[in-house]
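First the structure, in the form of structure tokens, and then the observations on it.
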Number of protein chains: 2
Amino acid sequence: MASTEQSAMRVWRSFVSAKAEIGRTLQRGWRASGLTGAQLGVLRVLAEASNEGAQLHEISERLYVTPGNLTGIVDRLEEAGHLSRAPHPGDKRATLALLTPAGRELFEQVYPSHTARVRQLMSALTVSEQKLLADLLSRLAVRAAEMHEQPVG
Amino acid sequence: MASTEQSAMRVWRSFVSAKAEIGRTLQRGWRASGLTGAQLGVLRVLAEASNEGAQLHEISERLYVTPGNLTGIVDRLEEAGHLSRAPHPGDKRATLALLTPAGRELFEQVYPSHTARVRQLMSALTVSEQKLLADLLSRLAVRAAEMHEQPVG
DNA sequence: ATATAACAATTCTACCCTAAAGTATTGATG
DNA sequence: CATCAATACTTTAGGGTAGAATTGTTATAT
């Protein structure tokens, strides 16, 4: 039916425009640090990990970034001195990334203001609306993953 | 409060992961045509415009794409023969983009299956849930735009 | 008329992103 | 044990993205 298709497209347009606006706004929070969004994501995963660091493979999956993409992001963070690579003790294929003290310090300086901006953004909704939104988005993500596993219909 | 901050971050993570999953899934619908998402967006704006085409400036705003970015996208579409540039009759600064017959044909072949996939995706939600989702996303976009106009707090 | 400001498009740089192919390494199977 | 598939990372090719600087053009205010 045309009406359900129009409704679907309207939601999708809302999604795209919201993503564009929000992305631009949040970006301002970390721009001054010299970090990019993807780089901040990597630092966050490492900061949340134990002191043994995290495998590149794990970072890639948690951030929804392809391995080939991650190689370059980690390269630049390593060059900037924010992390270091180390061989995985038990698996010669794997590489670990570890936060340097400088990297940890930068993260701890930048991240709180980032979360504060996210909180300020989300305060446009009540907490129950936030829960609802997260639920709706999760259901869409699940459906998308299901469609992704199917052949193109 | 920590709890509202956690809630806010959880919603934002849902948003990011949903975007990643959905983006990957929808991409499969147009990949075979050789078009990219941004290119399909430009063709859509032109198809919806009158036969006089659309100004690059207008396309840039409607797709949330910076002008510098749009130049390259239009370059590639022009090279592929899907659109042509023409000078704006009344304003020598402005440039119009016009769909070629081949471009229109390709669009009309690709776009219906794209909207069908969006509809399939959104059918994970009821129509009233879709309305609700669009409303919540619009409110976030408005808040983000407001924050964007303010100095970094 | 002329200086000034605002605007449209382009160019340039650095980064992000995916898909696909390539190199090692690991683990499971016959 | 030899083979073969899976895994981890890198490389390459083709784009997408924002931001800043540049070149013309148009509009506005002296």
Side-chain angles (χ1 to χ4, degrees), chain A residues 16 19-43 53-80 82 85-97 148 152, chain B residues 16 19-43 53-80 82-83 85-97 148:
Chain A
V16 170
K19 175 65 169 56
E21 287 289 359
I22 294 171
R24 259 195 277 269
T25 295
L26 293 183
Q27 192 178 2
R28 296 178 70 209
W30 61 64
R31 253 188 77 73
S33 70
L35 291 174
T36 65
Q39 290 174 8
L40 184 61
V42 171
L43 295 190
Q55 214 172 310
L56 298 192
H57 172 70
E58 182 195 345
I59 301 174
S60 163
E61 282 189 338
R62 288 188 50 186
L63 298 180
Y64 309 96
V65 157
T66 56
N69 188 3
L70 186 63
T71 295
I73 298 170
V74 169
D75 282 351
R76 284 177 284 270
L77 284 170
E78 190 173 22
E79 193 178 359
H82 300 323
R85 279 182 169 96
H88 189 289
D91 190 336
K92 288 181 185 168
R93 297 169 302 178
T95 301
L96 295 175
H148 198 249
V152 179
Chain B
V16 170
K19 174 65 169 55
E21 286 288 0
I22 295 171
R24 259 196 274 271
T25 295
L26 293 184
Q27 193 179 1
R28 297 178 70 208
W30 62 63
R31 252 190 79 73
S33 69
L35 291 173
T36 66
Q39 291 173 6
L40 184 61
V42 171
L43 295 190
Q55 213 172 312
L56 297 192
H57 175 70
E58 182 196 344
I59 300 173
S60 162
E61 282 188 339
R62 288 189 49 185
L63 297 180
Y64 310 96
V65 158
T66 56
N69 190 0
L70 187 62
T71 295
I73 298 170
V74 169
D75 282 351
R76 283 178 282 271
L77 283 170
E78 190 174 21
E79 193 178 359
H82 299 324
L83 60 77
R85 279 181 169 95
H88 189 289
D91 189 337
K92 287 181 185 169
R93 297 170 302 180
T95 301
L96 294 176
H148 198 248

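Values reported hereafter were calculated over all heavy atoms of this structure, with side chains retained and with hydrogens, waters and symmetry mates removed. All chains are named by letter (A, B, ...) in the order of the sequence lines, taking the proteins before the strands, and each is independently numbered beginning at 1.
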Using atom types as modelled, flag every donor-acceptor pair under 3.5 Å from a side chain in residues 65-78 of chain B to any protein atom, sequence neighbours excluded.
| from | atom 1 | to | atom 2 | distance (Å) |
| --- | --- | --- | --- | --- |
| B:Thr71 | OG1 | B:Pro67 | O | 3.2 |
| B:Asp75 | OD1 | B:Arg85 | NH1 | 3.0 |
| B:Asp75 | OD1 | B:Arg85 | NH2 | 2.9 |
| B:Glu78 | OE1 | B:Arg85 | NH1 | 2.5 |
| B:Glu78 | OE2 | B:Arg85 | N | 3.4 |

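- For A:Glu58, there are no side chain to side chain donor-acceptor pair (under 3.5 Å) partners at least two apart in sequence or on another chain.
- Following rounding to the nearest Å, B:Glu21 (CD) and C:dC17 (C1') show an atom-to-atom distance of 16 Å.
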Show each protein N/O and nucleotides 21-27 of chain C N/O combination with a separation under 3.5 Å, one pair to a line.
| from | atom 1 | to | atom 2 | distance (Å) |
| --- | --- | --- | --- | --- |
| C:dT26 | OP1 | A:Lys92 | N | 3.0 |

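- When A:Ile59, A:Leu56, A:Thr36 are each tested for a side-chain contact (heavy atoms from CB on, under 4.5 Å) with A:Val42, only one passes: A:Ile59.
- Closest-nucleotide positions on DNA chain D for A:Leu96 and B:Gly68 were compared, and the one nearer the 5' end corresponds to A:Leu96.
- Within 4.0 Å of A:Thr66, counting heavy atoms only, lies at least one base atom of the nucleic acid.
- Here A:Asn69 does not reach the OP1 or OP2 of C:dC16: none of its side-chain N or O atoms lies under 4.0 Å away.
- In the 5' to 3' direction, nucleotides of DNA chain D lying under 4.0 Å from heavy atoms of chain B begin and end at D:dG15 to D:dT26.
- When the P atom of C:dA8 is taken as reference, atom CZ of B:Arg85 falls 16 Å away, rounded to whole Å.
- Residues A:Thr36 and B:Glu58 each lie close to DNA chain C; by heavy-atom proximity, the contact nearer the 5' end of the strand is made by B:Glu58.
- Listed in residue order, the members of residues 70-78 of chain B having a heavy atom less than 4.0 Å from DNA chain C are B:Thr71.
- Helix-axis bend for the helix from C:dA1-D:dT30 to C:dG30-D:dC1: the local axis fitted to the five terminal pairs at one end deviates from that at the other end by 10°, rounded to 10°.
- Of the side-chain N and O atoms in B:Arg31, none sit less than 4.0 angstrom from OP1 or OP2 of C:dA19.
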